[in-house]
Amino acid sequence: MSSTPETTPSLDFIRQIIVEDNKTGKHGGKVVTRFPPEPNGYLHIGHAKSICLNFGIARQFEGVCHLRFDDTNPTREDVEYVDSIQEDVHWLGFDWADKKFYASDYFEKLYQFAVELIRVGKAYVCDQTADEFKANRGTPTVPGKDSPYRNRSVDENLDLFGRMRKGEFADGSRTLRAKIDMASPNIHMRDPAIYRIRKAEHHRTGNQWCIYPMYDFAHCLSDSIEGITHSICTLEFEVHRPLYDWILDALKTPCHPQQIEFARLNLGYTVMSKRKLLQMVTEGNVSDWNDPRMPTIAGMRRRGYPPEAIRAFCEKVGVAKRENIIDMALLEYCVREELNKSAHRAMAVLHPIKVVLTNYPENQAEEFDAINNPEDPSAGTRKIPFSREIYIDQDDFKEVPPKKYFRLVPGGEVRLRYAYIIKCEKVVKNDQGEVVELHCTIDPGSKAGGPTSGRKIKGTIHWVSAPQAISAEVRLYDRMFTVEQPDADAEGRDFKTFLNPQSLVTLANCKLEPSLANAAPGTRFQFERLGYFNVDPVDSKPGKPVFNRTVTLRDAWAKIEQATHQS
RNA sequence: UGUCCGAUGGUGUAACGGUAGCACACAGCCCUUUGGAGGCUAUUGUCCUGGUUCGAAUCCAGGUCGGACAGCCA
């Protein structure tokens, strides 16, 4: 097949490997990838990169991508996570068809592989305690010492391993170890444990097993069993690759997948470790895994990020082996770009101030046509009611305007979007001197099609008719988390994390145009000039929507920040 | 005095011995009864030192810096 250079984007290094493999027929021209999460937490934006990569490559090369739960540690895993992972992968727009697997499906096969490894003299049962194990492992610069149990006979190992399975030994009393080289410069090759005793209930196999395979043993063999061609994982597994290959070679498996590592995604000022995210949840810093401030897929979905935007983001960040910290602005750009195309516009007032149009008859009512989406004419129009009393945003009126302020000022004029030009005649204040109401007059001829509709007015603001307005709660979310640089604590490598105290501001009395009353949960809108919002799928009730600020419009940051901090 | 991996503007990513390009961010300008969208312009980069070559981001050597690895986690 020939491809035109103009339409062929440059391939990342993984795709280049696959193109090369296809050329040489290394895997028979097939491409089988897998996304292998451990079900011990919710998926986050970092996983999204892996998902887009693995499913994307499969799609691009007309292969398949498996979903495999790497559930080999029963003490940390839960069906809640199994369910959420599937939901999130689907929501992102990928499908594994009937290729859903569990490492736990292979427990019997893996056991037989382990027996085989013992038979060929490449594994042994070790009676060392965890502490002894550790003490004899050495360090990166000091070689380890052989276990005294290293040269047990095959028969004895077989017997002991069988009894491990039967549950005759206590947790931690023995392990099965691969017999490699305690002096290897690569610590993972120093007779790594491949089975441990863990008398714990597994979320799928129950109490059927009391020994569980370690990652290094289970992963390569699961890949091999499934006929994976390219086992794509993150950089920290690079030093595991010799072990991955050793196990498959030792067992002479017919399928030997190729492990390829890439740099995981890091977002600036964002915590991405499952451990810390779990901590956020359990300590109540956030409402749950799907809190809109969380960098989880579920959190972003609830916040209003479209799956298309996340996919575009993963595409844009690229794939390489270099450590990276992506600017959050790129993610937000991708969200805006998608939402600009797809989100309907709506009028909303977050900090309402009442405006009485003194020359507009009390009992008069009108409707104006508003465009739903200028990007998409097929989205049509809707009717917006208009009356003598309306709300505008406090921010759209300034008693003492800064320079270049084109919105409403005392004695000044401004256009109400889709409606009339109004003039501010009087400012009503309370005892504290706060502006509580404005009295304005309309130019009756200035509505669309009117004789003075063409008048040049600098500012145009949005508004909501007071009698028909619906009141709603609007939540403004700031950047999700902040991360401190590592301090010199005991570990020397941990991060201190904390929630930005400004990360959530709730505005309880926002006035929205009536069409929003029945907006379906999850629907995304652009509140003109204020940014993109979505109807919270969790807390919204019929006729009583709650909106989350998904992301602000690009130029609106400073303004919104200011407004947020004032309130 | 360990093994492995990496190093291109502020951020991320291309260029596979032949003009250092793209995107985001930033700055400025234009347009708009605002679609806070769009358009235009500009600044900023090959870790260092040598070598090979007509020519090096690319190949070689040595250094520097950064990351991963010492769970019976994945």
Side-chain angles (χ1 to χ4, degrees), chain A residues 9-13 16 36-38 40 70-73 75-77 103 126 128-130 133-134 137-144 171-177 184-190 192-198 211-212 214-216 218-219 233-242 261 263 265 268 274-275 313 315-334 336-337 340-341 345 371 373-375 406 414-421 446-448 453-462 526 528-531 552-557 559:
Chain A
S10 66
L11 261 29
D12 59 61
F13 79 100
Q16 284 179 27
E38 182 187 17
N40 67 344
D70 228 342
D71 55 351
T72 57
N73 184 353
T75 60
R76 326 195 322 164
E77 297 154 7
C126 179
Q128 285 183 317
T129 64
F133 193 122
K134 196 172 182 175
R137 182 170 35 216
T139 69
T141 52
V142 177
D171 280 15
S173 61
R174 287 175 219 263
T175 55
L176 183 69
R177 292 229 247 167
S184 170
N186 182 341
I187 290 180
H188 297 280
M189 299 299 270
R190 318 237 263 233
I194 56 177
Y195 263 91
R196 77 284 218 185
I197 301 170
R198 191 83 106 224
I211 57 171
Y212 292 92
M214 301 285 293
Y215 164 85
D216 284 308
H219 202 90
C233 63
T234 44
L235 238 33
E236 68 267 28
F237 294 105
E238 212 160 23
V239 284
H240 293 242
R241 178 152 31 95
E261 308 86 8
L265 169 71
K274 276 192 204 169
R275 196 197 94 227
F313 173 70
E315 189 64 36
K316 276 189 201 300
V317 297
V319 182
K321 298 188 77 159
R322 182 189 340 181
E323 298 289 336
N324 59 78
I325 301 176
I326 314 282
D327 193 335
M328 179 92 72
L330 181 62
L331 211 207
E332 295 182 338
Y333 165 82
C334 292
R336 272 187 236 109
E337 190 179 50
N340 184 41
K341 290 185 288 192
R345 314 294 121 125
I371 295 161
N373 187 350
E375 293 270 313
F406 295 134
V414 80
R415 174 174 291 280
L416 298 176
R417 175 89 164 120
Y418 298 121
Y420 299 95
I421 294 167
S446 62
K447 67 177 174 182
S453 67
R455 283 174 56 205
K456 194 78 177 170
I457 299 291
K458 281 248 170 77
T460 301
I461 63 173
H462 46 151
Q526 184 195 108
E528 315 219 12
R529 208 175 76 218
L530 297 173
T552 58
L553 295 169
R554 203 171 76 192
D555 297 347
W557 262 111
K559 193 176 302 173

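First the proteins, then the strands, lettered A, B, ... as listed; each starts at 1. These figures come from a predicted structure and were not determined experimentally.
Straight-line distance from the CD atom of A:Glu337 to the P atom of B:A37: 11 Å, rounded to whole Å. In this structure, A:Leu235 atom CG and B:A68 atom P are separated by 10 Å, rounded to whole Å. Taking atom CD1 on A:Ile187 and atom P on B:A68, their separation rounds to 14 Å, with Å as the unit. Counting to the nearest Å, the C1' atom of B:C26 and the CE atom of A:Met328 are 18 Å from each other. In this structure, CD1 of A:Ile194 is placed 13 Å from P of B:C72, rounded to the nearest angstrom. If you measure from atom CZ of A:Phe406 to atom P of B:U32, you get 12 Å, rounded to the nearest angstrom. The separation between A:Ile371 atom CD1 and B:A37 atom C1' is 13 Å, rounded to whole Å. The CZ atom of A:Arg554 sits 6 Å away from the P atom of B:A37 (whole-angstrom rounding).
Distance check on atom C1': B:G10 versus B:C73 gives 37 Å, rounded to whole Å. Rounded to whole Å, the separation between the C1' atoms of B:G9 and B:U46 comes to 10 Å. Nucleotides B:C16 and B:A57 are separated by 13 Å at their P atoms, to the nearest Å. Rounded to whole Å, the C1' atom of B:C26 lies 14 Å from the corresponding atom of B:U41. Taking the P atoms as reference points, B:A68 lies 44 Å from B:C29, given to the whole Å. Rounded to whole Å, the C1' atom of B:U8 lies 10 Å from the corresponding atom of B:C47. Using atom C1' as the reference point in both B:C72 and B:C65, the two lie 36 Å apart (nearest Å). The same atom, P, is picked in B:C69 and in B:A20; the two are 39 Å apart, to the nearest Å.
A donor-acceptor contact shorter than 3.5 Å links the side chain of A:Asp71 to the backbone of A:Ala103. Of the possible polar contacts, one joining the A:Asn373 side chain to the A:Lys341 backbone as a donor-acceptor pair under 3.5 Å is found. A:Gln526 contributes no side-chain N or O that, together with a main-chain N or O of A:Gly531, makes up a donor-acceptor pair within less than 3.5 Å. Judged by distance alone, with hydrogens and angles left aside, the side-chain atoms of A:Ser184 form a donor-acceptor pair with the main-chain N or O of A:Asn186 at under 3.5 Å.
A donor-acceptor contact closer than 3.5 angstrom links the side chains of A:Asn73 and A:Thr75. Residues A:Asp216 and A:His188 bring no donor and acceptor atom of their side chains to less than 3.5 Å of each other. In this model, a donor atom of one side chain and an acceptor atom of the other lie less than 3.5 Å apart for A:Arg177 and A:Gln128.
Residues passing the side chain to side chain contact (heavy atoms under 4.5 Å, CB included) test with A:Ala419 are A:Phe368, A:Phe386, A:Leu416, A:Trp463, sequence neighbours excluded. A:Phe313 pairs by the ring pair (Phe, Tyr, Trp, His ring centres under 6.0 Å) definition with nothing, not counting sequence neighbours. Listed by chain and residue number, nothing satisfies the ring pair (Phe, Tyr, Trp, His ring centres under 6.0 Å) test with A:Tyr418 (two or more places apart in sequence, or in another chain).
Counting any heavy atom pair closer than 4.0 Å across all strands shown, A:Arg137 reaches sugar-phosphate atoms only and no base atom. Heavy atoms of A:Thr129 sit under 4.0 angstrom from at least one base atom. Note on A:Tyr333: only backbone sugar-phosphate atoms sit closer than 4.0 angstrom, heavy atoms only; bases stay farther off.
With its glycosidic angle within 90° of 0, B:G71 is assigned syn.
Comparing A:Glu375 and A:Arg196 by the nucleotide of RNA chain B that holds the closest heavy atom to each, the one mapping nearer the 5' end is A:Glu375. Nearer the 5' end of RNA chain B, as judged by each residue's closest nucleotide, is the contact made by A:Glu528, out of A:Glu528 and A:Tyr195.
For A:Glu238, the CD atom is densely surrounded, since the number of other residues' heavy atoms within 6.0 Å is greater than 12.
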At under 4.0 Å between heavy atoms, which parts of nucleotides 9-17 of chain B does protein reach? Answer with one letter per nucleotide, 5' to 3': B base, S sugar-phosphate only, - none. --SSSSSB-
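Taking a pair as Watson-Crick or G-U wobble with both distances under 3.5 Å, RNA chain B forms stems of 3 or more consecutive pairs at B:2-7 with B:64-69, B:10-13 with B:21-24, B:27-30 with B:38-41, B:47-51 with B:59-63.
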So which protein nitrogen or oxygen atoms get under 3.5 Å of nucleotides 41-47 of chain B's nitrogens or oxygens?
none

